[in-house]
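Structure record follows, encoded as structure tokens.
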Amino acid sequence: MQVVYFYFKEKEPVDVPTVTALLVVVPTLSILLKNYLNLVSPVYGVTSCMLSFFAFYALLLSCMMAYRLSPLHPLSRYPGPLLCKISKLWIIYLAYRGKLHLYYKSLHDAYGPIVRIGPNDLSINEKKLIPFILGTRGMPKGPIWDARRNRQLGKDREYHAVIDVRDLKVHAQLRRRWNEAFSSDPLKDYQETLTKRTQELCEHLEGQCKNAASGVAVVDLAKWISFFAFDFMGDMAFGGGFELMRDQDAQGIWEGMEKGLTQSIIQHALWVAVMFQSIPFFSSGMRKFARFAMDQAKRRTETPVKTKDLFYHLYESRGDPTNPSSYEAQLSEAVTDSTLIIIAGSDTSASVMSSVMSLLLRHPHAHRRLAEELEEAFPAIDCDDRRIIEVEKLQNLHYLNAVINEAMRLLPPVPSSIQRGPPKGSGGKVLGDDIFIPEGTGVIVPPYCLHRDPRYFSPYPDSFIPDRWLAPNASPASTSSAPDLKGEVGPQPIFKTDREAFIPFSYGPANCAGKPLALLEVRYVIAHLVTRFDFFQSSQESEGSKVGEGHGTQWEDEMEDRFVFTKGPLRVGVRAKPPTSQSG
Ligand code: HEM
């Protein structure tokens, strides 16, 4: 037993043959040998075998727990709940419930900025430590990526995606071309596709309104926005391939991917990932999505498209255009990265856009103010009498950006899974002056907790107040006659808005590679939705909502932390606004 225990403690094996050998073969052999020597009767033999097995596992688990709770454990000085210290199973259970973000927040409220959330895991909710964890002086990606990598595309994958590579040098190499693919010139190339798909989204919604007797259709806006985001990312990654807005996920691709997210519990323990991977039932959704991605990437490598998409900027612009076989050579990378584009780029952006719309619905004053800002900024109309939304102007619209920031503050699309850990063989890492992180530790920096911490965002850290982004930090000048929380005109509280603690796109060299595209997309789509439609709260959404509150609503209650936030439906009444010239 001691040998098995020390082997587990030192090597942490996860492959099925070794684990089976240690947990089944070793005890079986030793028990058989013991019973052979003591054989009295078959009944005695079976009972004795069972008792011996029980004793073996009980002793093994007791040794593990005793060590994890003892002062000898390298994380013993950090506070945290007992259940977290002894096993990962508690966190895995909470991850299964989808409410880890709320749990981590409650832990930080109770224990302070550094909490032990697993036998070898810490959660750090401290702004001044962010550069030491995520910055250029920080650490590489943490252990969750060993588990997530296994799950994404199957064991046969040879090539690491930029998001899951744990070696800093390899990451920097891979990241270079992503940074180039999202620089200002390529970004202009993506605008044509964005315009086309946004127009399509608006036309689908207008179609729904036309079909409704009163002109007001009740739609699940979150679903339409998700379908839009997938279609758009499909265009970026594969030059087309998804037509979810048109076909409503007839092939079950979106559903497969969403199921994959639900299985995100696997990221909390590599052994769980390995176990799930070997059970086809659990991994079928993600496999279906991976197969689809593979087919699309193959098609895309064989048929270069006219529009310069993300695939072009990541691959084709680097290969020899006269030699199609150079694309072939990159197929493995292309499949991996294309899948990553869909996974990283669709649910995240869709989550922000849907949250913005949900929050605007509950805050009519903010909605009105945003509509006014947009109408003033875009007076020109096109031949269809629609406002022309100029992309270049969007980033300078203060209220629009304040609304988007505030939605990402309250509901960051990646609420808790930003993780780093000391590199293998480094012996550990010291954060700041005296916080030692031993090798083998995973450290998360949870945006959901930072963003709602009153040390960084106050007053009312849980409330939706776009104005907090407009006022200079805690300056008396921010006391103005701007509308207050209830939409009344009155003196504004003095806000503390600490941008260094605002990390919806993470921070440092492995922050979100797609941030420029994501912001462009979110601003553009929100501007269209707000200027072209009137939205009404459905009775479901209004339940439980309070003026000025950003939480406790159905929308928020249904969000689940599955690495990215997954969303419930957003049922709204929608009416197409009359063409601009008729609206007076
Ligand atoms: C509002 C939308 C989005 C948000 C809030 C968001 C947020 C994030 C976050 C928090 C990470 C994890 C970084 C870390 O571990 O430190 C990430 C990584 C990444 N995201 Fe995004 N993302 C968004 C949209 C996109 C889009 C549209 C793309 C385009 C394909 C994209 C591509 C990536 C990539 C490639 C990575 C991996 C970067 C690396 O490891 O170097 N994201 N994103």
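Whatever order the structure lists ligands and atoms in, that order sets their numbers, starting from 1. We count residues from 1, following the sequence as given.
At a heavy-atom distance under 4.0 Å, only side-chain atoms of Met233, from C-beta outward, approach ligand 1. Here Pro504 has backbone heavy atoms under 4.0 Å from ligand 1, and that is the only part of it that gets that close. Counting heavy atoms under 4.0 Å from ligand 1, residue Val162 touches it through both backbone and side chain. Counting heavy atoms closer than 4.0 Å to ligand 1, residue His171 contributes side-chain atoms (C-beta onward) but none from N, CA, C or O. By the criterion of a heavy-atom distance under 4.0 Å, neither the backbone nor the side chain of Ile503 is placed next to ligand 1. Of all the heavy atoms of Phe182, the ones lying under 4.0 Å from any atom of ligand 1 belong exclusively to the side chain. Here Lys141 has side-chain heavy atoms under 4.0 Å from ligand 1, and that is the only part of it that gets that close.
The protein heavy atom nearest to atom 26 (C) of ligand 1 is Gly345 CA, 3.4 Å. Among protein heavy atoms, the minimum distance from atom 37 (C) of ligand 1 is reached at Ile163 CG1, 3.5 Å. The shortest contact between atom 12 (C) of ligand 1 and any protein heavy atom is with Ser506 CB, 4.3 Å. Nearest protein neighbour of atom 24 (C) of ligand 1, counting heavy atoms only, is Thr348 OG1, 3.3 Å. For atom 33 (C) of ligand 1, the closest heavy atom belonging to the protein is Ala344 CB, 3.7 Å. Scanning the protein for heavy atoms near atom 42 (N) of ligand 1, the closest one is Cys512 SG, 3.0 Å. Closest to atom 9 (C) of ligand 1 among all protein heavy atoms lies Val414 CG2, 3.9 Å. Counting only heavy atoms of the protein, atom 13 (C) of ligand 1 lies nearest to Ala510 O, 3.3 Å.
Heavy atoms of Tyr507 stay at 4.0 angstrom or farther from ligand 1. The shell of residues lying under 4.0 angstrom from ligand 1, judged by heavy atoms, excludes Val522. Contact annotation: Ile418 has at least one heavy atom less than 4.0 Å from an atom of ligand 1.
Within the 3.5 Å criterion, the main-chain N or O of Pro447 finds no donor-acceptor partner in the side chain of Arg409. Counting only distance, with no hydrogens or angles, the side chain of Glu558 and the backbone of Lys567 share no donor-acceptor pair below 3.5 Å. No donor-acceptor pair closer than 3.5 Å links the side chain of Ser463 to the backbone N or O of Ile465. Checked by atom type and distance alone, the side chain of Arg97 never pairs as donor or acceptor with a backbone atom of Glu560 at under 3.5 Å. In this structure, the side chain of Glu373 engages the main chain of Tyr399 through a donor-acceptor pair within 3.5 Å. Without hydrogens or angle criteria, Asp231 side chain to Met245 main chain gives a donor-acceptor distance under 3.5 Å. Not a single donor-acceptor pair under 3.5 Å links the side chain of Lys496 to the backbone N or O of Pro454.
Interface of Val352 with ligand 1, defined as ligand atoms under 4.0 Å from a residue heavy atom, comprises 1 (C). Near Arg175, meaning under 4.0 Å from one of its heavy atoms, ligand 1 places the atoms 38 (C), 39 (C), 41 (O).
With ring centers used as reference points, His108 lies 6.0 Å or more from Tyr104. Less than 6.0 angstrom separates the ring centroid of Phe565 from the ring centroid of His101. The distance between the ring centers of His313 and Tyr190 falls below 6.0 angstrom. Centroid-to-centroid, the aromatic rings of Phe464 and Trp469 stay 6.0 Å apart or farther.
Residue-to-ligand polar distances place Arg420 within reach of ligand 1: an N/O pair is separated by less than 3.5 Å. Remark: ligand 1 and Ser349 share no N or O pair separated by less than 3.5 Å (distance only, no angle test). Checking only distances, Trp178 never comes within under 3.5 Å of ligand 1, N or O to N or O.
Side-chain atoms of Asp561 and Ser416 form a donor-acceptor pair, as typed in the model, at a separation below 3.5 Å. At a cut-off of 3.5 Å, with distance as the only test, a side-chain donor of Arg362 or Ser358 sits close to an acceptor on the other residue.
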Phe502 and Tyr456: side-chain contact (heavy atoms from CB on, under 4.5 Å), yes or no, with the steps?
CA-CA 9 Å; Phe502 181 60; Tyr456 309 130; over 6 Å; no

